[in-house]
Amino acid sequence: MTRSFHEIRPGATYQDVLDAPPHMVAELLRGWLHLQPRPGSRHTLVSSVLGAEIAAPFGRGRGGPGGWWILDEPELHLGDDVLVPDLAGWRRERMPRYPDVPAFTLVPDWVCEVLSPSTRQFDVTEKRARYLEAGVAHLWFVDPSARTLEVFEATDAGWRLVSARKDDEPVAEVPFDAVAFPLDALWAE
């Protein structure tokens, strides 16, 4: 089942995010409230598996260098904007202690969006632009339908495509290039 509902409302505030139904993901960008259903099962699997592939070696240091906090769907407060990426990571040198907070105001070093038909346009345009403006250094887009991974790095000129992977190609990409995993680990077979 494809979830294609994506409601957008102008003139929104954080109270609109708080008042959103619990079965919806609410994001606020430049005064516009974006509501969409919780991700579907395929999207959730891809995000969960990718998080596990990265968190063990980079978050916990199991078979890798450690040094990161890797989180599923953290609520990011970037000024007045509220975004909820599928995954985000902070280098522990920038966030040495894990905070007990309802939302994160420290900009992540890495963000990953798993693309869905209903949110693809928002993710690759408005959210991508806001992540760059906020100072996110690394951005990944995973597309389960196309079985691809695109890796971007922030530059003064904008996002630079570093790499594009597909199907079962090995993934050892910035900022997680110390340990490889096969991209097809993400695809439900």
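Scope of the values below: all heavy atoms of this structure, side chains included, with no hydrogens, waters or symmetry mates.
Looking only at side-chain heavy atoms (C-beta outward), Leu161 and Val151 stay at 4.5 Å or farther from each other. Contact check for Trp110 versus Trp68: side-chain heavy atoms found under the 4.5 Å cut-off. Residues Pro182 and Asp168 are not in side-chain contact: their nearest non-hydrogen atoms beyond the backbone lie 4.5 Å or more apart. Counting heavy atoms from C-beta on, the side chains of Leu76 and Val82 never come closer than 4.5 Å. Residues Phe181 and Pro57 are not in side-chain contact: their nearest non-hydrogen atoms beyond the backbone lie 4.5 Å or more apart. Counting heavy atoms from C-beta on, the side chains of Pro39 and Thr44 come closer than 4.5 Å. Leu186 has its side chain out of reach of Pro144: every pair of non-hydrogen atoms, C-beta onward, lies at least 4.5 Å apart. Using a 4.5 Å cut-off on side-chain heavy atoms (C-beta onward), Leu50 and Cys112 make contact.
By the rule that hydrophobic residues join a cluster once side-chain heavy atoms approach within less than 4.5 Å of another member, Leu28 and Ile8 end up as members of separate clusters. Residue Leu87 is not grouped with residue Val101 when hydrophobic side chains (ILVMFWY) are merged at heavy-atom distances under 4.5 angstrom, including chains of intermediate members. With hydrophobic clusters built from ILVMFWY side chains whose heavy atoms lie under 4.5 angstrom apart, Val84 does not share a cluster with Val124. Both Val46 and Leu149 belong to a single network of hydrophobic side chains, linked directly or stepwise wherever heavy atoms of I, L, V, M, F, W or Y lie under 4.5 Å apart. With hydrophobic clusters built from ILVMFWY side chains whose heavy atoms lie under 4.5 angstrom apart, Val142 does not share a cluster with Val111.
The minimum heavy-atom distance linking Arg91 with Asp109 is given by the pair N-OD2, 2.7 Å. Across all non-hydrogen atoms, the minimal contact from Val114 to Asp86 is N-OD2, 2.7 Å. Contact between Leu35 and Ala26 at its shortest, heavy atoms only, is CD2-CB, 3.5 Å. The two residues Pro108 and Gly89 have their closest heavy-atom pair at CB-O, 3.5 Å. Closest non-hydrogen pair, Val49 versus Ala185, comes out as CG1-O, 3.3 Å. Of all heavy-atom pairs spanning Ala154 and Val136, the tightest one is CB-O, 3.5 Å.
His43 and Ser116 are linked by a side-chain donor-acceptor pair at a separation below 3.5 angstrom, with hydrogens and angles left out of the test. With hydrogens and angles left out, the side-chain atoms of His77 and Glu75 include a donor and acceptor closer than 3.5 Å. At a cut-off of 3.5 Å, with distance as the only test, a side-chain donor of Glu173 or Ser163 sits close to an acceptor on the other residue. Side chain to side chain, Glu126 and Gln121 fail the donor-acceptor criterion of an N or O pair below 3.5 Å.
Remark: Arg92 qualifies as a cation-pi partner of Trp69 under the 6.0 Å distance and 45° angle criteria applied to the six-membered ring.
Taken from CG in Leu139 to CD in Glu153, the straight-line distance is 11.5 Å, to the nearest 0.5 Å. The structure places NZ of Lys166 at 10.5 Å from OG1 of Thr148, a figure rounded to the nearest 0.5 Å. Rounded to the nearest 0.5 Å, atoms CG (Leu78) and CG (Leu29) are 9.0 Å apart. Interatomic distance, Ser48 OG to Asp72 CG, rounded to the nearest 0.5 Å: 6.0 Å. To the nearest 0.5 Å, the span separating CD1 on Ile70 from CZ on Phe58 amounts to 8.5 Å.
Electrostatic pairing of Arg38 and Glu73 counts as a salt bridge here, judged by a charged N lying under 4.0 Å from a carboxylate O. Taking 4.0 Å as the cut-off between side-chain N and carboxylate O, Glu27 and Lys127 count as a salt-bridged pair. Look at Arg128 and Asp123 and you find no salt bridge, because none of the NZ, NE, NH1 or NH2 atoms lies under 4.0 Å from a carboxylate O.
Test Asp184, Leu183, Val179 against Val171 for side-chain contact (heavy atoms from CB on, under 4.5 Å) and you get one pass: Leu183.
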### Message
Could you go through Tyr131 and Trp159, starting from their C-alpha distance and side-chain angles, then the distance that decides it, and tell me whether this counts as ring pair (Phe, Tyr, Trp, His ring centres under 6.0 Å)?
### Response
CA-CA 10 Å; Tyr131 290 143; Trp159 288 112; 7.7 Å; no
### side-chain contact (heavy atoms from CB on, under 4.5 Å) between Leu71 and Phe104, worked out
CA-CA 11 Å; Leu71 301 177; Phe104 294 84; 3.4 Å; yes
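Residue Arg94 places its CZ atom among more than 12 non-hydrogen atoms of other residues, nucleotides or ligands, all under 6.0 Å distant. Enclosure of atom CZ in Arg30 by more than 12 non-hydrogen atoms of other residues, nucleotides or ligands within 6.0 angstrom is indicated. Counting heavy-atom neighbours within 6.0 Å of Asp177 CG, excluding the residue itself, gives a total above 12.
Residue pairs meeting the salt bridge (Lys or Arg N to Asp or Glu O under 4.0 Å) criterion with at least one partner in residues 9-19, sequence neighbours excluded, are Glu7-Arg9.
The distance between the ring centers of Phe152 and Trp140 does not fall below 6.0 angstrom. A centroid separation of 6.0 Å or more is found between the aromatic rings of His138 and Phe176.
Side chain of Thr119 to backbone of Phe122: no donor-acceptor contact under 3.5 angstrom is found.
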